[in-house]
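Here's the structure we're looking at; comments come further down.
Numbers here are sequence positions counted from 1.
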Amino acid sequence: VWLCRVVYGYQKLGVTEGPVFRVEGEEMTKARVRDLDLMLHEALERLRQKWPNHIPASVNIKDFSFDRSFRRGATAEAQNQKIPEEVINANNRWRASEGKKGGKVAKGGNMMQYYTEVRAAIVSLLRFSESL
């Protein structure tokens, strides 16, 4: 659903190529986590101003980051939804691999994780988000 919304939105803007998460400057470049975090912090601050009961003043908005906060939250929600552990682990392995630019899982991961190609495992990985 979200991917279709992104594609549709870019079509309306006439964007047909380039990164999905982008920063506009002299040239369009792929956004870094810190770029996205700035937008996240601004959005959370607007939400706090509009609905102060949802994000108390005691919460430090700068503690939230695209780098880890959402994966931790998704993993906790997956456990709450009783998603099988192997599905959760497959998703978290994918994230670790992506952080290494598609590299293999670090030593200590199991053999299935080490030899699983992300693109070939997409059906299994989608089970994680479909269940949330």
*Report, as yes or no, whether the 6.0 Å neighbourhood of atom CZ on R72 holds more than 12 heavy atoms from other residues, nucleotides or ligands.*
yes

_Any pair counted as salt bridge (charged side-chain N to carboxylate O under 4.0 Å, His left out), so long as it reaches residues 48-57, sequence neighbours left out_ = E45-R48

*Identify whether L44 and M39 are in the same connected component of the hydrophobic contact network (ILVMFWY, side-chain heavy atoms under 4.5 Å).*
yes

*If Ile, Leu, Val, Met, Phe, Trp and Tyr residues are connected whenever their side-chain heavy atoms lie under 4.5 Å apart, and connections chain through other members, are V33 and L40 in the same group?*
yes

Not counting sequence neighbours, which residues clear side-chain contact (heavy atoms from CB on, under 4.5 Å) with [X]? List them please.
X	answer
Y10	V6, L13, V15, V20, R22
P52	none
R46	E42, A43

*By salt bridge (charged side-chain N to carboxylate O under 4.0 Å, His left out), which residues pair with E86, not counting sequence neighbours?*
none

Report all side-chain donor-acceptor pairs from residues 54-66 shorter than 3.5 Å, counting only partners two or more places apart or in another chain.
unit_1, atom_1, unit_2, atom_2, d
N60, OD1, K62, N, 3.1
S65, OG, D37, OD1, 3.3
S65, OG, D37, OD2, 2.8
S65, OG, D67, N, 3.0

_Under the criterion side-chain contact (heavy atoms from CB on, under 4.5 Å), I'd like the reasoning laid out for E77 against N80: C-alpha separation, chi angles, the key distance, then a yes or no._
CA-CA 5 Å; E77 182 61 18; N80 292 340; 3.6 Å; yes

*Other than V7, which residues form its hydrophobic cluster under the rule that side-chain heavy atoms must be closer than 4.5 Å?*
L3

*When you look at Y8 and R5, which way does the side-chain contact (heavy atoms from CB on, under 4.5 Å) test go after all the steps?*
CA-CA 5 Å; Y8 177 73; R5 290 177 182 174; 5.7 Å; no

*Can you tell me how far the CD1 atom of I83 sits from the CG atom of N89, to the nearest 0.5 Å?*
12.0 Å

